[in-house]
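What follows is a short report on a single structure.
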Amino acid sequence: MAQADASLQLVPEVNPYTLRPLRKACLVGFALGVLLLAAVQTGAPYNVGWAGLILAIVSSLVYIFDLRHDGPPGIKNNGIMHSGALSRGAWGWFLGVFITGFYVIVYFYPSYVSRLIEMVDPLKIAVSGQPGVSRNEAGEITGHSQWFFYGFLYTLSILVMGVRAIMKYRHSRYQILRTISVMAAQLFLAFLIPDILMRLNEGRGWFAWANIWPLNFYGFEPWNLDNLWKNAGFIGRSAVVWAVASIILVTPVLTYFYGKRWYCSWVCGCGGLAETLGDPWRQNSDKSLRAWKIERWMIHLVLVLVVVTTGTLFLHYQFNILGDLGNTLKKWYGFLIMSVFAGVIGVGFYPIMGSRVWCRFGCPMAAVLGIIQRYFSRFRITTNGGQCISCGNCSTYCEMGIDVRYYAQRGENIVRASCVGCGVCSAVCPRGVLNLENGPVKGRFAV
Amino acid sequence: MEHVAIIGNGISGITVARYVRKLSDKRITVISAESRHFFSRTALMYIYMGHMKYEHTKPYEDWFWEKNRIDLIHDYVTEIDTESKRLTLRNGPAVDYDKLVIATGSKSNKFGWPGQDLDGVQGLYSLQDLELMEKNSRDVNHAVIIGGGLIGVEMSEMFHSRGIHTTFLIREPHFWGNIMRPEEGALIGRHLNGHGVELKCNTQLDHVIDDGNGRCRGVVTDQGEELACQFVGLTAGVHPNLDLVKNSAVETGRGVIVNEYLETNVPDVYSAGDCAEIRTNPDERGRVEQLWYTGRMQGEALARTICGERTRYDRGIWFNSAKFYDIEYHTYGVVWPEDREGETSMYWENEAGDKCMRFVFNQEDRCLIGMNAFGIRYRHQVFERWLADNRPLEYVLTHLSEANFDPEFFKHFEADMVDKYNQMNIGPKVTLAKKKKLLGIF
Ligand SMILES: Cc1cc2nc3c(=O)[nH]c(=O)nc-3n(C[C@H](O)[C@H](O)[C@H](O)COP(=O)(O)OP(=O)(O)OC[C@H]3O[C@@H](n4cnc5c(N)ncnc54)[C@H](O)[C@@H]3O)c2cc1C
Ligand code: SF4
Ligand code: SF4
């Protein structure tokens with residue numbers, strides 16, 4: 001019975017969309033830029049790399065501004081399902097493998113990008129006062145910290161693709177403001193401010209202000225908090241106060257009023273990347289009931305893991321018990337969850353599984369926010385009476401894989417733990433059925 | 001166990017099946033020829049435009065049917081024998097039923113235009129039409145669309161997404177003239193023009209020109225003008241699909257004739273959705289409702305009747321919605337193409353000319369009768385309540401912000417509408433009530 005309608009050939013045999021020549025040139029320019037960057041690693045001078053970077057950025061921006069020729073503002077998802085790069089065709093898989101490969105190198109084999117790390121060193125020194133590459137007296141490289149380089153590319157991606165998101169959703173002020181918010185949060189809170197503060201601190205302690213425990217796993221380690229509190233002056237103490245207050249006070253209060261979106265799609269860096277760089281692939285999230293079941297198991301399992309790990313570390317630090325268990329757990333959690341899952345899979349799988357793989361299946365912060373959103377929040381997506389025509393646009397473009405239509409066609413409101421409040425379901429709905437709203441907790445499920 | 005057979009797996013037939021399952025343990029079989037599974041007809045355009053794949057348009061996953069014990073047969077019913085309560089299928093074995101629901105939907109109108117059966121001339125109703133359109137629109141750079149209605153505008157948007165130029169031939173003096181008033185029609189007309197779509201109003205199709213090989217190469221209008229094109233879209237409405245029922249004992253008129261309980265003249269045979277013609281009074285001309293919503297509401301009412309709780313179909317306060325390229329349209333209550341006796345209306349349009357509102361109200365008691373909204377979302381439930389409570393226009397305007405359903409941070413126009421009303425001097429002055437907002441943000 002569960003057999004597909006084999007007779008239906010509803011995909012054009014030839015791609016009907018011809019790229020405007022300008023856009024073609026931009027794609028070539030972008031590819032050339034990436035090649036020039038690769039050339040730096042094989043020995044070309046840094047200036048070639050900078051030229052490549054600028055070429056790639058300019059090409060992207062020209063392409064993005066040309067998007068205005070889509071016509072008047074409005075939802076234009078034309079051709080997405082006919083595009084291999086966007087709907088898991090050969091190009092989609094290629095991009096998936098490419099991004100995944102790049103992440104594996106940056107995370108685990110930074111020596112393969114050592115010259116690129118060094119290329120951005122002047123910038124790193126300007127911001128944080130310290131180089132990313134250390135050398136011995138003979139001038140040989142003895143180690144590198146890839147994280148500034150990584151953060152630099154990450155921020156750049158959010159900024160450039162943020163411009164694209166604003167352009168694409170320019171008919172919606174909600175989308176424009178939200179995108180500006182994630183761009184600013186990444187640039188200042190996540191990228192510049194921690195390094196600048198560390199510099200003001202003379203290097204006595206670093207803290208990721210934009211990340212809240214349990215997402216900020218490393219920042220919340222006991223020795224780190226202790227060090228910040230004791231040795232890093234006012235800034236350090238503020239960081240500790242914020243680290244604790246952000247999760248026990250700020251998170252519940254803001255989530256009660258606005259739902260998890262205040263963090264996931266307005267502030268968070270992972271969310272920021274998903275909403276900008278990941279936006280072209282949002283439709284690839286799995287909407288099946290099976291995926292939802294897996295999601296609930298996985299995300300809460302990770303939450304348990306992080307609580308146990310952080311807890312064990314604290315017990316060990318405070319009472320010197322449990323031996324090396326905490327460190328072992330930390331090592332594995334750090335490797336499997338923070339690096340492989342959040343990093344490599346989280347971004348590398350964008351083209352295949354959609355833009356929120358990590359946020360949906362892994363992020364423990366999302367799990368905490370989700371529980372609050374589901375049970376103690378004023379947030380809901382309201383359904384506009386009987387107006388739904390079951391077309392499926394909302395479900396298709398929900399990056400969290402929520403089957404929005406299931407609720408909308410019954411006239412039920414959507415109150416789901418995983419909803420990050422990106423607002424795209426509401427934007428793509430051709431009948432104006434959905435609206436993100438805050439209202440009384442009582443009766444928020446019904447109409 | 002009683003066996004309910006349903007012909008047609010569209011929204012009407014499927015809603016009957018789902019609600020019968022909710023309310024009872026009866027055996028349910030849905031027989032349909034177009035597709036194995038229920039899909040959303042309203043989303044056809046998005047498949048062509050590449051917003052969605054066919055898979056995405058199925059509101060339920062494929063396992064849903066088996067889990068809910070709804071048997072699906074992918075076949076065409078060729079005969080209904082109401083005597084022996086038996087259906088003959090084209091390919092599979094015959095199906096016996098205890099109760100039968102006819103939900104066979106519609107077919108596109110063709111008005112006997114010369115050349116209407118040439119290759120490259122078609123309507124858009126089914127998946128197969130979509131497939132054909134995919135084939136027919138290769139190497140097309142100009143398409144002519146006959147009839148300026150909702151499916152026509154969707155077809156035009158589909159072509160637009162692939163860079164194919166479209167021209168509308170519209171019988172009325174403005175777009176969708178048999179439903180829409182001149183101001184609204186002009187607004188949509190401007191918007192379509194902005195997308196490069198050409199509208200030829202007061203113009204009808206005379207005939208389609210054969211290129212000598214059985215394909216269309218152009219049309220000639222009733223004004224004698226010849227337009228070269230490689231595709232002709234016939235979107236001048238739909239009519240009930242009676243192919244099957246015509247040769248049975250079930251009475252038909254424009255559609256399958258049913259009473260307000262959706263019962264036909266034959267016991268245990270019912271009909272719902274696009275194909276049904278509902279007669280409140282046996283002698284008068286019935287109404288045919290060709291909408292997604294009405295199909296769903298009829299299906300729900302009918303399921304109750306079938307399950308022993310005889311329920312009158314009551315469509316409640318009228319509503320509908322559509323989208324014209326980028327402009328959403330909602331209507332609540334009844335807005336006729338012109339004011340009827342005792343009615344008057346207030347029209348507002350924003351400066352940019354891409355959003356508008358119309359309120360139709362009773363001249364005497366000032367009660368709201370209907371409203372049109374273009375480019376602004378308004379709450380269904382709130383307007384339904386206001387219409388049910390017979391709220392006067394002044395009340396509606398005062399509280400209009402409450403009904404706004406646009407996303408957060410969107411620009412609001414209610415104050416502007418109230419200003420316009422006050423300037424028109426058509427009734428007591430109105431002050432807009434402020435919307436209550438917790439903490440004032442969001
Ligand atoms: C392009 C398009 C856009 C639309 N957009 C909107 C919209 O935005 N809003 C709105 O309210 N309405 C819209 N409509 C109208 C709406 O889709 C219909 O009113 C609705 O789908 C009718 O549902 P139904 O179940 O009555 O019939 P259908 O959906 O037509 O289902 C009937 C099914 O029965 C099958 N069938 C017929 N005869 C037989 C037989 N003898 N044996 C087996 N199977 C048979 C047919 O193949 C068909 O699959 C749109 C229609 C179209 C074509
Ligand atoms: S339900 Fe809507 S707002 Fe929530 S995550 Fe999905 S698309 Fe975004
Ligand atoms: S996009 Fe809108 S109309 Fe379509 S299924 Fe979702 S809520 Fe319904």
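Residue numbers begin at 1 in each chain, while the letters A, B, ... track the order of the sequences.
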Heavy-atom cut-off 4.5 Å, strictly under: side chain, backbone, both or neither for [X] against chain B?
X         : value
Leu289(A) : both
Ile389(A) : both
Ser395(A) : neither

Worksheet item: Is Arg162(B) close enough and on-axis enough to Tyr48(B), meaning under 6.0 Å and within 45°, for cation-pi?
Response: yes
Worksheet item: Does the side chain of Arg360(A) come within less than 4.5 Å of Met353(A)'s, by heavy atoms?
Response: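 No, too far: nothing below the 4.5 Å cut-off.
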Worksheet item: Do Arg380(A) side-chain atoms and Asn413(A) backbone N/O form a donor-acceptor pair below 3.5 Å?
Response: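 Not at all, since once roles are kept as given, no pair shorter than 3.5 Å links the two residues.
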Pick whichever of [options] has the most heavy-atom pairs under 4.5 Å with chain A.
options                                   : value
Met133(B), His160(B), Arg41(B), Glu328(B) : Glu328(B)
Glu384(B), Met297(B), Arg379(B)           : Arg379(B)
Pro407(B), Ser321(B), Ala43(B)            : Ser321(B)

What residue in [options] has the most heavy-atom pairs under 4.5 Å with chain B?
options                                    : answer
Ser87(A), Gly432(A), Cys388(A), Gly392(A)  : Gly432(A)
Lys287(A), Gln175(A), Arg405(A)            : Arg405(A)
Gly423(A), Gly74(A), Ser172(A), Ala427(A)  : Ser172(A)
Val428(A), Asn393(A), Leu436(A), Val433(A) : Asn393(A)
Lys76(A), Arg431(A), Arg173(A)             : Arg431(A)

Discussion item. Determine whether the aromatic ring centres of residues Phe319(B) and Tyr332(B) are separated by less than 6.0 angstrom.
Written reply: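 Between Tyr332(B) and Phe319(B), the centre distance exceeds or equals 6.0 Å.
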Fill in: Segment of Phe405(B) engaging chain A (4.5 angstrom heavy-atom cut-off)
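Its backbone and side chain both get close to chain A.
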Worksheet item: Which bit of Asp354(B) comes within less than 4.5 Å of chain A, counting heavy atoms only: side chain, backbone, both or neither?
Response: neither
Worksheet item: So, Arg416(A) and Tyr407(A): side-chain donor and acceptor under 3.5 Å apart, yes or no?
Response: yes
Fill in: Donor + acceptor pair across side chains of Tyr60(B), Asn68(B) (<3.5 Å)
no
Practice prompt. Determine the interplanar angle of the Trp65(B) and Phe38(B) rings, folded into 0 to 90°, and report it as parallel if under 30°, tilted if 30 to 60°, perpendicular if over 60°.
Written response: perpendicular
Worksheet entry | ring-ring contact (aromatic ring centres under 6.0 Å, His included) assessment of Phe159(B) paired with His165(B) | CA-CA 7 Å; Phe159(B) 283 136; His165(B) 180 63; over 10 Å; no
